[in-house]
Protein chains: 2
Amino acid sequence: MSEGSKRRLKLWIRLLSVTRGAEAHLREFLRVRHGSTLPRFDVMAALYRRRDGCSMSELSRMLLVSNGNVTTVVDRLEADGMVERRPSEADRRTVFVSLTPQGLQHFEVLARDHEAEVAKIFAGLDDADVDALTEIMKRAAKR
Amino acid sequence: MSEGSKRRLKLWIRLLSVTRGAEAHLREFLRVRHGSTLPRFDVMAALYRRRDGCSMSELSRMLLVSNGNVTTVVDRLEADGMVERRPSEADRRTVFVSLTPQGLQHFEVLARDHEAEVAKIFAGLDDADVDALTEIMKRAAKR
DNA sequence: GCGAACAATTTCAAGATTAAAACTTTTATG
DNA sequence: CATAAAAGTTTTAATCTTGAAATTGTTCGC
């Protein structure tokens with residue numbers, strides 16, 4: 001096994017550790033301060049970016065989770081009045097999901113606090129680190 | 001909201017996307033090639049590093065998951081003969097877990113293939129990227 | 001147009017995950 | 001010593017997650 005593969009393995013372990021730590025922190029934050037969860041936040045964030053709504057499949061691709069998963073999270077959000085389903089008229093297989101006005105309002109509060117919390121988590125990195133990291137991540141994503 | 005917090009939010013989104021993509025790839029790899037799963041691999045990897053065994057709580061802290069979670073994953077690994085529980089003699093509350101000989105043998109094959117797969121995933125990064133990233137991650141972990 | 005492949009979503013069963021509560025054992029304190 | 005606090009683990013209920021199967025709808029080749 002090559003030297004390079006060991007270095008990449010080490011990198012992966014660190015990456016995972018940082019990401020999981022941050023996720024745990026954000027989950028706790030959402031739970032305690034907003035009575036919400038990470039998957040709910042993720043779905044709402046995706047719908048906030050796609051303000052006109054998007055299909056379940058698109059949602060699943062954006063979030064890198066299974067489509068069955070999207071169904072159950074959207075089910076709960078719908079039950080809470082945060083999102084709504086709307087059947088496509090062009091293709092009756094497709095279902096469009098979008099934030100309700102209430103969901104939009106709720107998310108904007110959530111997003112503001114979430115951004116501040118993320119900034120807190122990465123406060124230990126200076127601006128040069130942030131830029132370098134973002135750049136490298138962009139390259140790592142291309143596969 | 002400051003400019004810096006927006007940049008850090010962007011960084012976080014990229015970080016998550018890369019990490020989730022890699023996790024999805026590794027999960028698929030473990031499932032198809034080895035009939036295993038990521039949490040099982042993680043537990044076995046932790047026990048491989050702590051060859052003499054470690055307590056459930058240590059395991060939970062190492063992996064950044066809840067102790068209830070460790071219980072169920074270890075339950076299954078134990079049922080499959082990969083790990084064994086051994087009550088502590090000094091403190092009867094604690095339970096030590098360790099790889100069985102079969103588990104050790106199984107893991108060594110798994111680990112070799114896993115390392116190669118990780119190297120494949122991060123093949124798009126050159127050695128300088130890998131070093132820079134590892135360094136920054138070390139800094140990000142300090143909180 | 002028929003029928004077969006394909007596509008979008010949901011359902012299902014199994015496993016993973018969490019937080020909180022329950023249980024057992026140890027330690028500390030009066 | 002008694003007993004209260006703390007610690008390690010498991011259990012429980014709820015949510016999340018996956019991959020596969022089932023359902024429903026569309027498209028395409030003939």
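Convention: sequence-line order gives letters A, B, ...; per-chain numbering from 1. Keep in mind it's a predicted model, so treat the numbers as computed, not measured.
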A:F96 with A:L104, same ILVMFWY side-chain cluster at under 4.5 Å:
no
What is the distance, rounded to the nearest whole Å, between atom [atom1] of [X] and atom [atom2] of [N]?
X	N	atom1	atom2	result
A:L38	D:dT17	CG	P	8 Å
A:R40	D:dC16	CZ	P	7 Å
B:R85	D:dG8	CZ	P	16 Å

Heavy-atom contact window of chain A on DNA chain C, given 5' to 3' at under 4.0 Å:
C:dA7 to C:dA20
Quick one: what's the B/S/- string for nucleotides 18-29 of chain D, heavy-atom cutoff under 4.0 Å, read 5' to 3'?
BSS----BS---
Heavy atoms from other residues, nucleotides or ligands near CD of A:E108 exceed 12 (cutoff 6.0 Å)
yes
Should we say atom CZ of B:R49 is surrounded by more than 12 heavy atoms from elsewhere, each under 6.0 Å from it?
no
Within the 4.5 Å heavy-atom criterion, are B:R7 and A:D131 side-chain neighbours or not?
yes
Side-chain touch A:M44/A:H106, heavy atoms, less than 4.5 angstrom:
yes
Would you tell me whether B:E84 and B:T100 have side-chain atoms, one donor and one acceptor, within less than 3.5 Å of each other?
no
Over all strands shown, is A:S88 touching base, sugar-phosphate only, or nothing at heavy-atom distances under 4.0 angstrom?
nothing
Which of residues 53-62 of chain B sit near DNA chain D, with a heavy atom under 4.0 Å from it?
B:S55, B:M56, B:S57
Quick one: list whatever passes side-chain contact (heavy atoms from CB on, under 4.5 Å) with B:R50, sequence neighbours left out.
B:C54, B:E58, B:M62
Residues which pass side chain to side chain donor-acceptor pair (under 3.5 Å) with A:D91, listed by chain and number, not counting sequence neighbours:
A:R93
Listed by chain and number, what are the side chain to side chain donor-acceptor pair (under 3.5 Å) partners of B:D126, not counting sequence neighbours?
none
Are A:H114 and A:F29 an aromatic pair by the rule of ring centers under 6.0 Å?
no
